[in-house]
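See below for the structure under consideration.
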Amino acid sequence: MVPADQGGGVMRADLLSDPIAGLDEALAAVDAFDQALVAGLLRPQPAQAAGLTELAHAVAGTPLAARVSEAAAKAAAGAAGEDHFVALAAARTALLGSVHDALMTRVTEATGRPRGEEAVPATGGRQAANLLAAARAWFCDLARAGWQGIDHEVVSGAAQVVSAMLPDPSLRRPATLLDGFAAELAASCPGSALERIPARRWGDLWARGILLTLPGAADVPTPGTATGRLLPLGVDLQEHATAAQAQVHAVFEPADGSAPGLVRATVSVPKPDTVVGAGLWQLLRPHMSLLAAVGEGRSMELTDMPVTAEGDLIWSDEHARPSQPADAFTTARVALPIAADPATAPLDRHPTRIAVPVFLEGYAAQQEDETMTFTVAGHPLAVDTDRVPTAGPLTPESVATSNACIGLLRWDAGTYRVQPLAVETTVRKKPVALHAGAWAGGTTDKVGVKAEKAATDTVAVLRERAGRLLRK
């Protein structure tokens, strides 16, 4: 059922401002446990014991209660073993999963869209139990040392395990997390000298990592295939000093006439830190033809494209071809309200994973200091303009003068926020649509052309230098 009209939009922003029972308490318990990890659990102090007890109390009455209570008591006494750390990680993950589910329930009520059904994971092949045990032991040692106690000796213990795990495809997922986490910790050593500790982030990585060492935890449902029409909504471009990622959000209409659903297609590439802005598209474009279709405003026809149970297209250009023109705002107005949101796997249920495509219209944009809000039918909704990339014509200024927006609804810093992907606004008395991914397939825009030329020159110089080194 499509929710009541909110000034021409299709989302009830009023539901997003209502408090959610138990949410603050669940997050407080997670924070208390994360603080216990800061100093380490080798010789816990009373404050750390209190944090462990708070975590145990938060899952009282659940199937985890007995095991977590025992684990908290053992950890408070400095006598926790692997099973106890696993139980604590499971409790922390379950609490954040409950927060995710509560937030997504509210989002479902606000959008009125159906939710997809969760698929059953396929049983994986036999994994090297000794390697998983070695990785689990490292995570346990990490918890005992704590973030303030990390040093290169503690962190380097992961290197040999990672080297042994990476060649095995069935262990690639936990190995990649372990490798990246260890590298981040190594760059932060010694922990005793850190002025600021990212306790929530490292707690997330620690809990996820230790659970992925359990047999079967990394199993996922067998991918299906998608045949039908893909209607792009927008592109979420993310940039790091050494990597870039573009994630296309779209509505997929199956050829068999079944209900449409929301899907994502993602491409990630390494990059030199000198390639920024519009130059990123040069690195991303060759790996996914969908980006060209997005830039041209076209739909795509998919034939047997692999797709996961969570709606992620495992993109392969051989399974796709460009099709008819498709306006993203027409898709947002007509197809998005009836498209099902994909289900989320248990280990992926975390508030930071929430990124739900939404459409807003008829709002009033307001800027106060550095904060922008859309007032939708009298209810304010925060706008995350910091996520608007510089690699396209969409700008915070154009968002501020817009009257319709396709965006991703996220939850950050205790509130729902919308990240604009595209807006309709008025330029020189004419209505125009501005997309964050408008330059994905190339551009004639003067600013975009200049940025692409600079990136071309940079990449050419880097290739020439690399070739010179290889010739020596």
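Since this is a predicted model, take the numbers as computed values, not measurements.
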- Just how far is it from atom CZ of F252 to atom CE of M305, taken to the nearest 0.5 Å? 9.5 Å
- What about the rings of W439 and W281, do their centers lie closer together than 6.0 Å? no
- Show your reasoning for whether side-chain contact (heavy atoms from CB on, under 4.5 Å) applies to R349 and D101. CA-CA 7 Å; R349 287 175 177 154; D101 290 352; 3.3 Å; yes
- CG of L178 to CG of L142, rounded to nearest 0.5 Å, is 9.5 Å
- Query: Hey, what do you get for NE2 (H100) to OG (S98), rounding to the nearest 0.5 Å?
  - Reply: 11.0 Å
- Message: Side chains of V276 and L280, heavy atoms from C-beta outward: is any pair under 4.5 Å?
- Response: no
- Message: Using a 3.5 Å distance criterion without hydrogens, assess whether the side chain of Q367 forms a donor-acceptor pair with backbone atoms of D369.
- Response: yes
- Message: For A65 versus A60, what's the shortest heavy-atom pair and its separation?
- Response: CB-CA, 4.0 Å
- Item | Between CG on residue L336 and CZ on residue R113, distance to nearest 0.5 Å | 4.5 Å
- Message: Taking the side chain as everything from C-beta on, heavy atoms only, tell me whether P420 gets closer than 4.5 Å to V388.
- Response: yes
- Item | Lys/Arg-Asp/Glu bridge criterion (N-O < 4.0 Å) met for R229, E253 | yes
- Message: With a 4.5 Å cut-off on side-chain heavy atoms, are L230 and S299 touching?
- Response: no
- Query: For V248 and R264, what are the C-alpha separation, side-chain angles and deciding distance, and is it a side-chain contact (heavy atoms from CB on, under 4.5 Å)?
  - Reply: CA-CA 6 Å; V248 180; R264 300 173 293 260; over 6 Å; no
- About how many Å separate CG of L16 and CZ of R417, when rounded to the nearest 0.5 Å? 13.0 Å
- So, does Q48 use its side chain to make a donor-acceptor pair with the main chain of Q45 at under 3.5 Å? yes
- Message: Just so I know, are the side chains of L408 and V418 near enough to count as touching, which here means a heavy-atom distance under 4.5 Å?
- Response: no
- Kindly indicate whether the side chain of L394, heavy atoms from C-beta on, has any atom under 4.5 Å from the side chain of L421. no
- Item | Closest approach of G203 to D34 (non-hydrogen atoms, all atoms of both residues) | CA-OD1, 4.0 Å
- Message: Evaluate I354 against V356 for side-chain contact (heavy atoms from CB on, under 4.5 Å), listing each step before the verdict.
- Response: CA-CA 6 Å; I354 296 175; V356 181; 4.1 Å; yes
- Heavy atoms of A339 and P114 approach each other most closely as O-CD, 4.0 Å
- Task: Return the minimal non-hydrogen interatomic distance between L64 and A94, and the atom names on each side.
- Result: CD1-CB, 3.9 Å
- Query: Can you find a side-chain donor-acceptor pair between D256 and S258 that sits under 3.5 Å?
  - Reply: yes
- Message: For the backbone of S398 and the side chain of T395, can you confirm whether one donor and one acceptor N or O come within less than 3.5 Å of each other?
- Response: yes
- Does a side-chain N-to-carboxylate-O contact under 4.0 Å join E239 and R387? no
- Item | V107 side chain near V358 side chain, heavy-atom distance below 4.5 Å | no
- Item | Residue among Q247, H249, Q419 satisfying side chain to side chain donor-acceptor pair (under 3.5 Å) with D236 | Q419
- Message: Regarding D317 and W315, do their side chains bring together a donor and an acceptor under 3.5 Å, going by distance alone?
- Response: yes
- Item | Under 3.5 Å side-chain donor-acceptor pair for H240 and Q238 | no
- Query: Ignoring hydrogens and geometry, is there a side-chain-to-backbone donor-acceptor pair from T331 to D327 under 3.5 Å?
  - Reply: yes
- Message: Between the side chains of D204 and R353, is the shortest nitrogen-to-carboxylate-oxygen separation below 4.0 Å, so that they form an ion pair?
- Response: no
- Closest heavy-atom pair, Y416 versus L103, reported as atoms and distance to 0.1 Å, is OH-O, 2.8 Å
- Task: Measure up the F139 and F181 rings against each other and bin them: parallel (under 30°), tilted (30 to 60°), perpendicular (over 60°).
- Result: parallel
- Query: Is there a side-chain contact between C405 and F359, using heavy atoms and a 4.5 Å cut-off?
  - Reply: no
- Does the side chain of P342 reach to within under 4.5 Å of the side chain of V263, using non-hydrogen atoms? no
- Going by an N to O cut-off under 4.0 Å, is there a salt bridge joining R410 and D384? no
- Within the distance-only criterion (no hydrogens, no angle test), does the side chain of T425 pair as donor or acceptor with the backbone N or O of T401 below 3.5 angstrom? yes
- Message: Please check: side-chain N/O of T227 versus main-chain N/O of D304, any donor-acceptor pairing under 3.5 Å?
- Response: yes
- Message: Checking the side chain of S188 only, and the main-chain atoms of E184 only, is there a donor and an acceptor separated by less than 3.5 Å?
- Response: yes
- Message: Does S192 form a side-chain contact (heavy atoms from CB on, under 4.5 Å) with Q148? I'd like the steps, not just the answer.
- Response: CA-CA 5 Å; S192 58; Q148 290 178 333; 5.6 Å; no
- Can Y363 and S402 be counted as having a side-chain donor-acceptor contact under 3.5 angstrom? yes
- Query: Do T93 side-chain atoms and A90 backbone N/O form a donor-acceptor pair below 3.5 Å?
  - Reply: no
- Item | Spatial distance of atom CG (L360) from atom CD (E424) [nearest 0.5 Å] | 12.0 Å
- For the residue pair A87 and V68, what are the closest heavy atoms and their distance? O-CG2, 3.7 Å
- Side-chain donor or acceptor of R208 paired with backbone N/O of L347 under 3.5 Å: yes
- Without swapping roles, check the side chain of R106 against the backbone of L15 for a donor-acceptor pair under 3.5 Å. yes
